Colleague: 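Got a structure here, written out as structure tokens. Questions coming.
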Amino acid sequence: MEAKIQIPPVTLYNTRTREKEEFKPLKPPYVGIYVCGPTVYSDPHLGHARAAVVFDVLRRYLTSMGYKVRFVSNITDVGHLEGDADEGEDKIQKRARLEQLEPMEIAQHYTRVYNNAMAKLNVIPPNIQPHATCHIPEQIELVQTILDKGFAYVVNGSVYFDVPKYAQKYEYGVLSGRRLEELESVTRELRGVEEKKHPADFALWKKAPPTHIMKWKSPWSVGFPGWHLECTVMNAKYLGIPFDIHGGGMDLIFPHHECEIMQAVAAWDTEPVRYWMHNNLITIDGQKMSKSLGNFITIEQVFTGEHERLSKAHHPMALRVLILQTHYRSVIDFSDSGLASAEKAYKRLVQALKKLETLEFIGGKTDSSKEDKIIKHINNFYEFMSDDLNTARAIAQLFDLTSIINQLANEGKSVQTVSPEIGEILKRQYSHTLVDILGILPEDEHLDTSRLHAVLQILINLRQEARKHKNFQLADRIRDQLREIGIILRDTPYGTEWELE
RNA sequence: GGCAGCGUGGCCGAGGGGCUAGGCGGGGGCCUGCAAAGCCCUUGACGGCGGUUCGAAUCCGCCCGCUGCCUCCA
């Protein structure tokens, strides 16, 4: 890192303490991050995209600072109970019955769909992507530990966490700010006859009804693990308790993350997580997007444009930019026009990057105020990223740099107003912040375009000759026909550029 | 009902007592065979009513409107 660029210490808003805290890993330079992954029984939607992109940027940022990050994100393939207790049916099983498939076939299919979507969004795959069904023995073991410690009880082959007992020894609701008495008054009327001693108790192990397909042997019954168990088990197994950062959507704070804390504290007498981070939700027309409301847009629909609310197919990076232009703790009200505007913004950033790569900084007539601005914007970028991952402000700095790059490019290929030293910093940092840290990929990097490149160069050269001879009819025909197949030609002071639409 | 939060210019979205956010769009100009892109200039905002203050979009109070969690969910 060059001397002129300073990266301030990272502060993160910790849901647990409700304030921004300086991030200090337990065992530097190692950082453990766990993010709640998807339940794989349907297509991933915009909400999945947001959580994944937000924590991908966190991971990239910490990595760029020299931390060695282990990033764990699970696949929930057991399915959780639907509705309450005894009426419950495993989600994946339900879907399997509907489609006449093996439950594991469903899980496998949607895991693949999810991972494909993540790849398109340029989300780096987790270092470990553990599956709940691969950790049944560990989950059974944890249930036993909690039973041994006296914080759970067995009823008819099911095991429940004893929340009132826990609340006697430890504080209840540390994450969500919820109080046990209030919870009781609300939930009492909602629930019918059941095995739980207290409405706030939750299942650690459920005995499976005879029709249930996904089930495993345990000391208590043939059944399946409770909703919150897998995360605790996989935290402990792959990151150790306690570990640094646990992330997920805000809707998971209660009860999911609250239960995770109780399980870990009950089992090991230690709060499991140093920093709890929660991204806010995505709304559509001001309404929460959710599975139960059925108003969600899948990630793939954004890319194909096949949804009544979408006017066209959008570039995956447009979605990424849209997400990063909002701070992660604010709501994003999703719209087609917002996505379209993000797409234009994305193109601007990427065009500036391409342009910057062709520039040569020779100095000679250096403009120190311009150079100062460049350094200032780069430092601001890091300052805002370190301030609770404020990607909205950080990306604004990149737009300011974009503007400067465009001005420099107007000088021609050889730039005199910026010294070679500052020019190199600009080149390195602009690319590093945009591509490596924010994960905004220049277009078509995945595509092998080398031959297409060569062919277009031939056409561009022919057109150039036609223009030289003032044969504009031919020149325009070449450009128009290329446009018809989605290739746009653009004449610039330093030659003709092309771009795929 | 309990808890948490939000209301910013045409749209999206940062910020948060005096200091240009940014993106998209609109207007004017430069460049150009034309087009596109780019550049320069520009427009324009802090839900309502009170209060604190030399000064409030920013702090406090009340009111209005909206959202999330309390049921699986990112």
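Here is how names work: the chains are called A, B, and so on, in the same order as the sequence lines, proteins then strands, and each is numbered from 1. In this text the structure is predicted, and so the values were computed from the model without any measurement. Values reported hereafter were calculated over all heavy atoms of this structure, with side chains retained and with hydrogens, waters and symmetry mates removed.
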Colleague: Which nucleotide, G38(B), A35(B), G15(B), lies nearest any side-chain atom of Asp491(A)?
Modeller: A35(B)
Colleague: Taking atom P in both A45(B) and A21(B), compute the distance separating them and give it to the nearest angstrom.
Modeller: 12 Å
Colleague: Counting heavy atoms from C-beta on, name the nucleotide in G38(B), G33(B), A74(B) closest to the side chain of Lys288(A).
Modeller: A74(B)
Colleague: Going by the rule ring pair (Phe, Tyr, Trp, His ring centres under 6.0 Å), which residues pair with Phe161(A) if we only count those two or more places apart in sequence or in a different chain?
Modeller: Tyr166(A), Phe202(A)
Colleague: Going by the rule side-chain hydrogen bond (donor to acceptor under 3.5 Å, both in side chains), which residues pair with Ser158(A) if we only count those two or more places apart in sequence or in a different chain?
Modeller: none
Colleague: If each of Phe472(A) and His327(A) is mapped to the nucleotide of RNA chain B with the nearest heavy atom, which maps nearer the 5' terminus, i.e. the 5' end?
Modeller: His327(A)
Colleague: Which part of the nucleic acid, if any, lies within reach of Leu281(A) when heavy atoms closer than 4.0 Å are counted: base, sugar-phosphate only, or nothing?
Modeller: base
Colleague: Measuring only the C1' atom in each nucleotide, how far is U20(B) from A35(B)? A whole number of Å is fine.
Modeller: 33 Å
Colleague: For the pair Asp77(A) (side chain) and Ala107(A) (backbone), establish whether a donor and an acceptor sit closer than 3.5 Å, ignoring hydrogens and angles.
Modeller: no
Colleague: Lys470(A) has an atom NZ; how far is it from atom C1' of U32(B), in whole Å?
Modeller: 11 Å
Colleague: N/O contacts under 3.5 Å, protein versus nucleotides 19-23 of chain B?
Modeller:
from: G23(B); atom 1: OP1; to: Arg348(A); atom 2: NH1; distance (Å): 3.1

Colleague: Measuring only the P atom in each nucleotide, how far is G50(B) from G13(B)? A whole number of Å is fine.
Modeller: 30 Å
Colleague: Which is true for Arg18(A) with a 4.0 Å heavy-atom rule: it touches a base, it touches only sugar-phosphate, or it touches nothing?
Modeller: sugar-phosphate
Colleague: From the set G38(B), C34(B), A74(B), return the single nucleotide nearest to any side-chain atom of His48(A).
Modeller: A74(B)
Colleague: In whole Å, measure the gap between the P atoms of U58(B) and G16(B) for me.
Modeller: 14 Å
Colleague: Classify the nucleic acid contact of Gly248(A) as base, sugar-phosphate or nothing, counting any heavy atom under 4.0 Å across all strands shown.
Modeller: sugar-phosphate
Colleague: So Gly249(A), base contact, sugar-phosphate only, or nothing? Heavy-atom distance under 4.0 Å.
Modeller: sugar-phosphate
Colleague: Rounding to a whole Å, what distance do you find between Arg179(A):CZ and C69(B):P?
Modeller: 21 Å
Colleague: For RNA chain B, please output the secondary structure as dot-bracket, reading 5' to 3'. Pairs are Watson-Crick or G-U wobble, both atom distances under 3.5 Å; mark crossing pairs with [ ], other-strand partners with |, unpaired with a dot.
Modeller: (((((((..(((.....[...))).(((((.......)))))....(((((..]....))))))))))))....
Colleague: How many whole angstroms separate atom CZ of Arg178(A) from atom C1' of G1(B)?
Modeller: 13 Å
Colleague: When you compare G47(B) with U8(B), how far apart are their P atoms, in angstrom units rounded to a whole number?
Modeller: 7 Å
Colleague: Which whole number of Å gives the distance between the C1' atom of G18(B) and that of C59(B)?
Modeller: 14 Å
Colleague: Rounded to the nearest Å, what distance is computed from the NZ atom of residue Lys370(A) to the C1' atom of nucleotide C40(B)?
Modeller: 12 Å
Colleague: For Arg50(A), report the nucleic acid contact type (base, sugar-phosphate, nothing); a contact means any heavy atom under 4.0 Å.
Modeller: nothing
Colleague: Does the ring centre of His315(A) sit less than 6.0 Å away from the ring centre of Tyr346(A)?
Modeller: yes
Colleague: Using the side-chain heavy atoms of Thr326(A), tell me which of these nucleotides is nearest: C11(B), C70(B), A14(B).
Modeller: A14(B)
Colleague: In this structure, how many angstroms lie between the C1' atom of A14(B) and the CG atom of Asn380(A), rounded?
Modeller: 13 Å
Colleague: Quick check with a 6.0 Å cut-off and a 45 degree axis cone: is Arg178(A) positioned over the face of Phe254(A)'s six-membered ring?
Modeller: yes
Colleague: Please report whether the ring centroid of His257(A) lies less than 6.0 Å from that of His228(A).
Modeller: no
Colleague: If you look at every strand shown and take non-hydrogen atoms under 4.0 Å, does His45(A) touch a base, only sugar-phosphate, or nothing?
Modeller: base
Colleague: Nearest-Å distance, CG (Asp480(A)) to C1' (A36(B))?
Modeller: 12 Å
Colleague: Classify the ring geometry between His278(A) and Trp276(A) as parallel (under 30°), tilted (30 to 60°) or perpendicular (over 60°).
Modeller: parallel
Colleague: NA contact type, Asp476(A), heavy-atom cut-off 4.0 Å: base, sugar-phosphate, or nothing?
Modeller: base
Colleague: Ignoring hydrogens and geometry beyond distance, is the side chain of Arg479(A) in donor-acceptor contact with the base of A35(B) at under 3.5 Å?
Modeller: yes
Colleague: What's the gap between C46(B) and C12(B) when it is taken at their P atoms, as a whole Å value?
Modeller: 16 Å
Colleague: Please check the phosphate of C39(B) (OP1 and OP2 only) for any side-chain N or O of Asn406(A) closer than 4.0 Å.
Modeller: yes
Colleague: With sequence neighbours left out, what residues match His135(A) under ring pair (Phe, Tyr, Trp, His ring centres under 6.0 Å)?
Modeller: Tyr238(A)
Colleague: Please set out all donor-acceptor pairs under 3.5 angstrom arising from side-chain atoms of residues 46-54 of chain A, sequence neighbours excluded.
Modeller:
from: His48(A); atom 1: ND1; to: His45(A); atom 2: N; distance (Å): 3.0
from: Arg50(A); atom 1: NH1; to: Asn280(A); atom 2: O; distance (Å): 3.1
from: Arg50(A); atom 1: NH1; to: Leu281(A); atom 2: O; distance (Å): 3.0
from: Arg50(A); atom 1: NH1; to: Ser330(A); atom 2: O; distance (Å): 2.8
from: Arg50(A); atom 1: NH2; to: His327(A); atom 2: O; distance (Å): 3.0
from: Arg50(A); atom 1: NH2; to: Tyr328(A); atom 2: O; distance (Å): 3.4
from: Arg50(A); atom 1: NH2; to: Ser330(A); atom 2: O; distance (Å): 2.7

Colleague: Under 4.0 Å: is that the gap between some side-chain N or O of Ser330(A) and OP1 or OP2 of A14(B)?
Modeller: yes
Colleague: With a cut-off of under 6.0 Å to the ring centre and 45° to the axis, is Arg16(A) in cation-pi contact with Tyr275(A)?
Modeller: no
Colleague: When the C1' atoms of C49(B) and A56(B) are considered, how many whole Å apart are they?
Modeller: 15 Å
Colleague: Can you find a heavy atom in the side chain of Glu171(A) that is under 4.5 Å from one in the side chain of Val174(A)?
Modeller: yes
Colleague: Starting from C1' on A4(B), measure out to CE on Met250(A) and report it in whole angstrom.
Modeller: 7 Å
Colleague: Could you point out which residue of Leu438(A), Leu401(A), Ile395(A) forms a side chain to side chain contact (heavy atoms under 4.5 Å, CB included) with Phe381(A)?
Modeller: Leu438(A)
Colleague: What integer distance in Å separates Leu482(A):CG from A36(B):P?
Modeller: 17 Å
